[in-house]
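Some notes on the structure that comes next.
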Amino acid sequence: MPELPEVETIRRRLQCGHQNAPPLQGRTIAACRLPWPGIVQAPSPRSLQRRLRGQAVVDIGRRGKYLQIDLDRACLILHLGMSGSVVIEPSSAAPSPHARLVLQLRGGHRLSFRDPRKFGRAWLLDDPGDLLKRLGPEPLDPHLTAIGFRGQLAGRRAAIKPVLLDQKVIAGIGNIYADESLHRAAIHPLTPADVLGGDRTGRLYRTIRQVLREAIRHCGTSFDYVYGGGEFLSRLRVYRRTGQPCLRCRTKIERVVVAGRGTHFCPCCQTT
DNA sequence: CACGAGACCTGTTCGC
DNA sequence: TGCGAACAGGTCTCGT
(Lines give C-alpha, C1' and ligand atoms only; values in the text may rest on other atoms or scores of the structure.)
Protein backbone atom coordinates (compact mmCIF):
# COMPACT_ATOMS: atom_id res chain seq x y z
CA MET A 1 0.00 0.00 0.00
CA PRO A 2 2.16 2.79 1.21
CA GLU A 3 3.78 4.50 -1.71
CA LEU A 4 4.39 8.23 -1.84
CA PRO A 5 0.71 9.34 -2.02
CA GLU A 6 -0.35 7.14 0.90
CA VAL A 7 2.59 8.23 3.08
CA GLU A 8 1.90 11.87 2.19
CA THR A 9 -1.76 11.39 3.15
CA ILE A 10 -0.74 9.94 6.50
CA ARG A 11 1.69 12.84 7.02
CA ARG A 12 -1.07 15.38 6.42
CA ARG A 13 -3.48 13.58 8.72
CA LEU A 14 -0.90 13.54 11.51
CA GLN A 15 -0.05 17.18 10.93
CA CYS A 16 -3.58 18.57 10.67
CA GLY A 17 -5.57 16.05 12.66
CA HIS A 18 -8.04 13.67 11.09
CA GLN A 19 -11.59 12.69 11.96
CA ASN A 20 -11.68 13.09 15.72
CA ALA A 21 -7.94 12.78 16.22
CA PRO A 22 -5.99 15.90 17.20
CA PRO A 23 -2.83 17.04 15.37
CA LEU A 24 0.36 15.33 16.50
CA GLN A 25 2.44 18.51 16.40
CA GLY A 26 3.28 19.93 19.83
CA ARG A 27 2.31 16.77 21.65
CA THR A 28 4.73 15.20 24.13
CA ILE A 29 5.54 11.49 24.22
CA ALA A 30 4.79 9.98 27.63
CA ALA A 31 6.00 6.48 26.79
CA CYS A 32 6.73 4.13 23.91
CA ARG A 33 5.44 0.57 23.81
CA LEU A 34 7.01 -2.01 21.49
CA PRO A 35 4.68 -5.00 21.07
CA TRP A 36 7.13 -6.22 18.39
CA PRO A 37 10.64 -4.85 19.12
CA GLY A 38 11.93 -6.23 15.80
CA ILE A 39 10.49 -3.15 14.10
CA VAL A 40 13.31 -1.03 15.57
CA GLN A 41 16.39 -0.77 13.34
CA ALA A 42 18.36 1.76 15.40
CA PRO A 43 19.31 2.29 18.16
CA SER A 44 18.45 -0.69 20.38
CA PRO A 45 14.74 -1.05 21.28
CA ARG A 46 15.43 -0.21 24.94
CA SER A 47 17.47 2.82 24.04
CA LEU A 48 14.81 4.06 21.61
CA GLN A 49 12.14 3.76 24.31
CA ARG A 50 14.27 5.60 26.85
CA ARG A 51 15.21 8.41 24.47
CA LEU A 52 11.66 8.98 23.18
CA ARG A 53 10.18 9.59 26.61
CA GLY A 54 9.54 13.27 27.27
CA GLN A 55 10.29 14.49 23.73
CA ALA A 56 7.83 16.77 21.94
CA VAL A 57 6.82 16.51 18.29
CA VAL A 58 8.07 19.55 16.40
CA ASP A 59 7.14 18.73 12.80
CA ILE A 60 6.10 15.90 10.51
CA GLY A 61 7.75 15.42 7.13
CA ARG A 62 8.14 12.87 4.38
CA ARG A 63 10.95 11.80 2.07
CA GLY A 64 10.07 9.22 -0.57
CA LYS A 65 8.14 6.54 1.31
CA TYR A 66 9.69 7.47 4.68
CA LEU A 67 7.67 9.31 7.31
CA GLN A 68 9.81 11.67 9.34
CA ILE A 69 8.67 12.77 12.82
CA ASP A 70 10.93 15.57 14.03
CA LEU A 71 11.28 15.72 17.82
CA ASP A 72 13.00 18.10 20.27
CA ARG A 73 16.27 16.24 20.29
CA ALA A 74 16.10 13.55 17.57
CA CYS A 75 14.15 12.34 14.57
CA LEU A 76 11.88 9.31 14.48
CA ILE A 77 11.70 7.79 11.01
CA LEU A 78 9.11 5.21 10.02
CA HIS A 79 8.96 3.10 6.89
CA LEU A 80 5.60 1.41 6.45
CA GLY A 81 6.82 -1.50 4.35
CA MET A 82 4.09 -3.34 2.50
CA SER A 83 1.20 -3.24 4.96
CA GLY A 84 1.94 -0.53 7.51
CA SER A 85 -0.29 2.31 8.66
CA VAL A 86 -0.11 5.02 11.33
CA VAL A 87 -3.09 6.38 13.20
CA ILE A 88 -3.81 8.62 16.19
CA GLU A 89 -6.43 7.05 18.41
CA PRO A 90 -7.92 7.63 21.87
CA SER A 91 -6.11 5.87 24.71
CA SER A 92 -9.38 4.12 25.45
CA ALA A 93 -9.51 2.39 22.03
CA ALA A 94 -8.90 -1.36 21.98
CA PRO A 95 -5.26 -1.98 20.97
CA SER A 96 -4.83 -3.35 17.44
CA PRO A 97 -3.45 -6.91 17.29
CA HIS A 98 -1.02 -5.64 14.64
CA ALA A 99 0.29 -2.64 16.60
CA ARG A 100 4.12 -2.82 16.47
CA LEU A 101 5.16 0.56 17.95
CA VAL A 102 2.88 2.72 20.10
CA LEU A 103 3.59 6.25 21.37
CA GLN A 104 1.50 7.20 24.36
CA LEU A 105 0.94 10.96 24.32
CA ARG A 106 0.46 13.24 27.32
CA GLY A 107 -3.17 14.27 27.41
CA GLY A 108 -4.94 11.13 26.31
CA HIS A 109 -4.22 9.91 22.78
CA ARG A 110 -1.68 7.56 21.27
CA LEU A 111 0.05 7.05 17.94
CA SER A 112 -0.18 3.46 16.73
CA PHE A 113 2.10 2.07 14.00
CA ARG A 114 0.35 -1.07 12.75
CA ASP A 115 1.88 -3.53 10.36
CA PRO A 116 0.48 -7.06 9.84
CA ARG A 117 3.33 -8.23 7.60
CA LYS A 118 6.18 -6.86 9.74
CA PHE A 119 8.06 -5.34 6.80
CA GLY A 120 7.87 -1.89 8.41
CA ARG A 121 10.86 -0.34 10.20
CA ALA A 122 11.62 2.45 12.69
CA TRP A 123 14.78 4.46 13.39
CA LEU A 124 15.56 7.12 15.98
CA LEU A 125 18.40 9.23 14.59
CA ASP A 126 20.18 12.47 15.39
CA ASP A 127 20.58 13.17 11.68
CA PRO A 128 17.91 11.75 9.33
CA GLY A 129 20.31 12.41 6.45
CA ASP A 130 22.28 9.34 7.48
CA LEU A 131 19.36 7.20 6.33
CA LEU A 132 17.75 9.32 3.63
CA LYS A 133 20.76 10.54 1.68
CA ARG A 134 20.75 7.36 -0.47
CA LEU A 135 17.39 8.29 -1.97
CA GLY A 136 16.97 9.74 -5.43
CA PRO A 137 15.12 13.02 -6.05
CA GLU A 138 11.56 13.71 -4.91
CA PRO A 139 9.35 13.33 -7.98
CA LEU A 140 7.24 16.38 -7.03
CA ASP A 141 10.21 18.59 -6.17
CA PRO A 142 9.84 21.80 -8.23
CA HIS A 143 13.59 21.70 -8.84
CA LEU A 144 13.36 18.33 -10.59
CA THR A 145 13.16 18.92 -14.35
CA ALA A 146 12.52 16.55 -17.24
CA ILE A 147 16.22 16.85 -18.08
CA GLY A 148 17.15 15.96 -14.52
CA PHE A 149 14.84 12.97 -14.59
CA ARG A 150 16.38 11.79 -17.86
CA GLY A 151 19.79 12.02 -16.24
CA GLN A 152 18.62 9.67 -13.48
CA LEU A 153 17.85 7.02 -16.12
CA ALA A 154 21.21 7.31 -17.86
CA GLY A 155 23.25 4.12 -17.99
CA ARG A 156 20.30 1.93 -17.00
CA ARG A 157 19.86 -0.94 -19.43
CA ALA A 158 17.21 -2.77 -17.40
CA ALA A 159 13.51 -2.52 -18.16
CA ILE A 160 12.01 0.85 -17.25
CA LYS A 161 9.54 -0.72 -14.78
CA PRO A 162 12.10 -1.99 -12.22
CA VAL A 163 14.20 1.15 -12.76
CA LEU A 164 11.23 3.27 -11.63
CA LEU A 165 10.99 1.11 -8.51
CA ASP A 166 14.65 1.77 -7.64
CA GLN A 167 14.50 4.38 -4.87
CA LYS A 168 18.00 5.64 -5.76
CA VAL A 169 16.68 6.67 -9.18
CA ILE A 170 13.57 8.48 -7.94
CA ALA A 171 12.07 8.26 -4.45
CA GLY A 172 8.53 7.21 -3.62
CA ILE A 173 7.26 5.29 -6.65
CA GLY A 174 6.00 1.76 -5.95
CA ASN A 175 4.29 -0.94 -7.94
CA ILE A 176 0.92 0.77 -8.38
CA TYR A 177 2.14 4.15 -9.52
CA ALA A 178 4.90 2.71 -11.72
CA ASP A 179 2.30 0.76 -13.73
CA GLU A 180 -0.13 3.70 -13.83
CA SER A 181 2.54 6.20 -14.92
CA LEU A 182 3.82 3.92 -17.71
CA HIS A 183 0.31 3.39 -19.05
CA ARG A 184 -0.43 7.11 -19.13
CA ALA A 185 2.90 7.71 -20.87
CA ALA A 186 2.12 4.89 -23.37
CA ILE A 187 5.45 3.18 -22.61
CA HIS A 188 5.75 -0.62 -22.41
CA PRO A 189 7.11 -1.67 -18.98
CA LEU A 190 9.81 -3.90 -20.56
CA THR A 191 11.34 -1.06 -22.60
CA PRO A 192 15.02 -0.71 -21.65
CA ALA A 193 15.36 2.57 -19.73
CA ASP A 194 18.28 3.83 -21.80
CA VAL A 195 16.51 3.55 -25.17
CA LEU A 196 13.82 6.05 -24.13
CA GLY A 197 14.59 9.29 -25.93
CA GLY A 198 13.95 12.82 -24.76
CA ASP A 199 10.33 12.78 -25.91
CA ARG A 200 9.35 9.69 -24.02
CA THR A 201 11.32 10.47 -20.85
CA GLY A 202 9.69 13.89 -20.88
CA ARG A 203 6.29 12.29 -21.20
CA LEU A 204 7.05 9.83 -18.41
CA TYR A 205 8.31 12.65 -16.17
CA ARG A 206 5.01 14.47 -16.66
CA THR A 207 2.77 11.41 -16.15
CA ILE A 208 4.59 10.42 -12.95
CA ARG A 209 3.96 13.86 -11.48
CA GLN A 210 0.38 13.92 -12.74
CA VAL A 211 -0.45 10.47 -11.29
CA LEU A 212 1.17 11.19 -7.91
CA ARG A 213 -0.56 14.58 -7.56
CA GLU A 214 -3.92 13.10 -8.52
CA ALA A 215 -3.46 10.21 -6.08
CA ILE A 216 -2.54 12.59 -3.24
CA ARG A 217 -5.65 14.62 -4.03
CA HIS A 218 -7.71 11.44 -3.61
CA CYS A 219 -5.85 10.40 -0.42
CA GLY A 220 -4.10 7.43 -2.07
CA THR A 221 -5.23 3.92 -3.00
CA SER A 222 -7.03 1.60 -0.54
CA PHE A 223 -7.53 -2.09 -1.36
CA ASP A 224 -8.48 -3.64 1.93
CA TYR A 225 -8.32 -3.32 5.67
CA VAL A 226 -4.65 -2.28 5.69
CA TYR A 227 -5.03 1.33 4.66
CA GLY A 228 -8.31 3.20 4.79
CA GLY A 229 -9.79 6.29 3.30
CA GLY A 230 -8.10 6.46 -0.11
CA GLU A 231 -10.28 6.94 -3.18
CA PHE A 232 -7.76 6.47 -5.98
CA LEU A 233 -8.67 2.78 -6.52
CA SER A 234 -11.55 3.75 -8.80
CA ARG A 235 -9.18 5.79 -10.98
CA LEU A 236 -6.61 3.05 -11.62
CA ARG A 237 -6.35 2.34 -15.35
CA VAL A 238 -4.19 -0.82 -15.38
CA TYR A 239 -3.15 -1.87 -11.89
CA ARG A 240 -5.08 -5.03 -10.89
CA ARG A 241 -7.29 -4.66 -13.99
CA THR A 242 -6.00 -7.82 -15.76
CA GLY A 243 -8.44 -8.96 -18.48
CA GLN A 244 -10.50 -5.78 -18.31
CA PRO A 245 -10.60 -3.41 -21.29
CA CYS A 246 -8.06 -0.62 -21.65
CA LEU A 247 -9.88 2.65 -21.06
CA ARG A 248 -8.10 4.14 -24.05
CA CYS A 249 -8.37 1.40 -26.75
CA ARG A 250 -10.52 -1.41 -25.24
CA THR A 251 -7.73 -4.02 -25.60
CA LYS A 252 -7.59 -6.42 -22.64
CA ILE A 253 -5.08 -5.43 -19.95
CA GLU A 254 -2.33 -8.03 -19.49
CA ARG A 255 -0.34 -9.04 -16.45
CA VAL A 256 3.27 -10.29 -16.53
CA VAL A 257 5.95 -10.62 -13.86
CA VAL A 258 8.89 -8.24 -14.23
CA ALA A 259 11.78 -8.47 -11.75
CA GLY A 260 9.47 -10.38 -9.42
CA ARG A 261 6.64 -7.83 -9.41
CA GLY A 262 3.20 -8.16 -10.96
CA THR A 263 3.11 -5.73 -13.87
CA HIS A 264 -0.05 -4.56 -15.62
CA PHE A 265 -0.14 -2.94 -19.05
CA CYS A 266 -2.05 -2.50 -22.29
CA PRO A 267 -0.32 -4.53 -25.06
CA CYS A 268 -1.83 -2.27 -27.71
CA CYS A 269 -1.18 1.30 -26.66
CA GLN A 270 2.01 0.82 -24.60
CA THR A 271 4.93 0.42 -27.02
CA THR A 272 8.56 -0.57 -26.57
C1' DC B 1 28.38 -1.22 -10.60
C1' DA B 2 24.07 -3.08 -12.58
C1' DC B 3 20.94 -6.68 -12.41
C1' DG B 4 17.81 -10.61 -11.02
C1' DA B 5 16.54 -14.10 -7.68
C1' DG B 6 15.50 -15.18 -3.10
C1' DA B 7 14.45 -13.99 1.64
C1' DC B 8 11.84 -11.68 5.01
C1' DC B 9 6.40 -11.97 7.14
C1' DT B 10 1.20 -12.54 7.64
C1' DG B 11 -3.31 -12.48 5.77
C1' DT B 12 -6.56 -13.03 2.03
C1' DT B 13 -8.21 -15.06 -2.07
C1' DC B 14 -8.36 -18.59 -5.58
C1' DG B 15 -8.71 -23.20 -7.54
C1' DC B 16 -9.44 -27.99 -6.88
C1' DT C 1 -16.57 -27.01 3.13
C1' DG C 2 -11.58 -27.74 3.41
C1' DC C 3 -6.95 -27.13 2.14
C1' DG C 4 -2.84 -25.89 -0.16
C1' DA C 5 -1.10 -22.61 -3.53
C1' DA C 6 -0.70 -18.12 -5.20
C1' DC C 7 -0.63 -13.47 -4.40
C1' DA C 8 -0.09 -8.79 -1.97
C1' DG C 9 1.37 -1.74 -1.57
C1' DG C 10 8.77 -2.96 -0.22
C1' DT C 11 13.56 -3.46 0.32
C1' DC C 12 17.77 -5.90 1.69
C1' DT C 13 21.37 -9.28 0.58
C1' DC C 14 23.66 -12.24 -2.24
C1' DG C 15 25.66 -14.24 -6.45
C1' DT C 16 26.74 -13.28 -11.26
Side-chain angles (χ1 to χ4, degrees), chain A residues 1-11 35-42 62-67 77-86 96-101 113-123 131-136 139 151-182 189-195 208 211-212 215-216 218-243 254-264:
Chain A
M1 164 269 299
E3 304 181 30
L4 187 153
E6 291 77 28
V7 179
E8 177 62 20
T9 301
I10 289 170
R11 188 195 71 76
W36 185 64
I39 201 165
V40 180
Q41 292 297 105
R62 178 193 58 74
R63 178 80 171 88
K65 302 174 191 173
Y66 292 81
L67 190 64
I77 296 183
L78 307 179
H79 191 292
L80 306 187
M82 205 84 129
S83 61
S85 61
V86 176
S96 160
H98 300 125
R100 309 300 186 195
L101 180 153
F113 180 3
R114 305 168 179 171
D115 182 26
R117 284 178 75 182
K118 297 183 175 174
F119 286 167
R121 293 292 180 259
W123 297 258
L131 180 65
L132 305 178
K133 65 186 173 200
R134 319 165 290 114
L135 294 175
Q152 291 298 106
L153 302 182
R156 296 302 206 117
R157 272 178 298 176
I160 184 65
K161 164 75 186 268
V163 170
L164 288 181
L165 296 179
D166 185 340
Q167 303 298 299
K168 295 192 294 299
V169 171
I170 189 157
I173 299 176
N175 210 31
I176 301 174
Y177 300 107
D179 283 4
E180 292 298 312
S181 301
L182 287 168
L190 291 175
T191 313
D194 63 356
V195 310
I208 286 169
V211 165
L212 295 178
I216 290 169
H218 293 276
C219 300
T221 306
S222 303
F223 291 114
D224 47 37
Y225 65 99
V226 172
Y227 169 82
E231 302 296 333
F232 198 70
L233 178 65
S234 62
R235 311 179 87 85
L236 296 177
R237 300 186 190 175
V238 286
Y239 190 81
R240 288 205 186 171
R241 291 193 66 244
T242 310
E254 289 185 9
R255 178 185 181 278
V256 294
V257 175
V258 180
R261 311 299 303 274
T263 296
H264 313 73

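Chain naming here is simple, since letters A, B, ... match the order of the sequence lines and numbering starts at 1 in each. These numbers come from the heavy atoms of this one structure, side chains and all, not from hydrogens, waters or symmetry mates. These numbers were taken from a predicted model, which means no experiment stands behind them.
Using modelled atom types, one side-chain atom of A:Asp179 and one backbone atom of A:His264 make a donor-acceptor pair closer than 3.5 Å.
Using a 4.0 Å heavy-atom cutoff across all strands shown, A:Phe232 reaches no nucleic acid atom at all.
Side-chain atoms of A:Pro162 and A:Val258, non-hydrogen and from C-beta on, do get closer than 4.5 Å to each other. Between A:Leu164 and A:Tyr177, the closest side-chain pair of non-hydrogen atoms is not below 4.5 Å.
Look at CG on A:Asp194: it is 19 Å from P on B:dC1, rounded to the nearest Å. When the C1' atom of C:dC7 is taken as reference, atom CZ of A:Arg255 falls 7 Å away, rounded to whole Å. When rounded to the nearest whole Å, the span between NZ of A:Lys65 and C1' of C:dT11 equals 8 Å. For the pair A:Leu67 CG and C:dG10 C1', the computed distance is 16 Å after rounding to whole Å. What separates CD1 of A:Ile173 from P of C:dG10 is a distance of 11 Å, to the nearest Å. Residue A:Glu6 contributes atom CD, which lies 13 Å from atom C1' of C:dG10 at whole-angstrom precision. Here the C1' atom of nucleotide C:dA6 and the CZ atom of A:Arg240 are 13 Å apart, to the nearest Å. For the pair A:Asp179 CG and C:dA8 P, the computed distance is 10 Å after rounding to whole Å.
B:dG11 and C:dC12 have their P atoms separated by 24 Å, given to the nearest Å.
Taking CG of A:Leu4 as the start and CD1 of A:Ile176 as the end, the distance is 12.0 Å to the nearest 0.5 Å. The distance from atom CZ of A:Arg255 to atom CZ of A:Arg241, rounded to the nearest 0.5 Å, is 15.5 Å. Atoms NZ and OG1, from A:Lys161 and A:Thr263 in turn, are 3.0 Å apart once rounded to the nearest 0.5 Å.
For A:Arg134, counting side-chain heavy atoms from C-beta on, the closest listed nucleotide (C:dG10, C:dC12, C:dA8) is C:dC12.
With sequence neighbours left out, A:Val40 forms a side chain to side chain contact (heavy atoms under 4.5 Å, CB included) with A:Leu34, A:Pro45, A:Leu48.
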- With side chain to side chain contact (heavy atoms under 4.5 Å, CB included) as the test, would you mind laying out the steps for A:Asp166 and A:Arg156 before giving the verdict? CA-CA 11 Å; A:Asp166 185 340; A:Arg156 296 302 206 117; 2.6 Å; yes
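Considering only side-chain N and O atoms, A:His79 lies under 4.0 angstrom from the phosphate OP1 or OP2 of C:dT11. The side chain of A:Gln167 contributes no N or O atom lying less than 4.0 Å from OP1 or OP2 of C:dG10.
Considering A:Leu80, A:Leu101, A:Val7 as possible partners of A:Val86, the one that fulfils the side chain to side chain contact (heavy atoms under 4.5 Å, CB included) test is A:Leu80.
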- Contact string for nucleotides 3-10 of chain B, one letter per nucleotide 5' to 3', B = base within protein heavy-atom range under 4.0 Å, S = sugar-phosphate only, - = neither, reads SS---BBB
- Where each pair must be Watson-Crick or G-U wobble with both distances under 3.5 Å, what dot-bracket representation of DNA chain C is obtained, with crossing pairs in [ ] and other-strand partners as |? .|||||||.|||||||
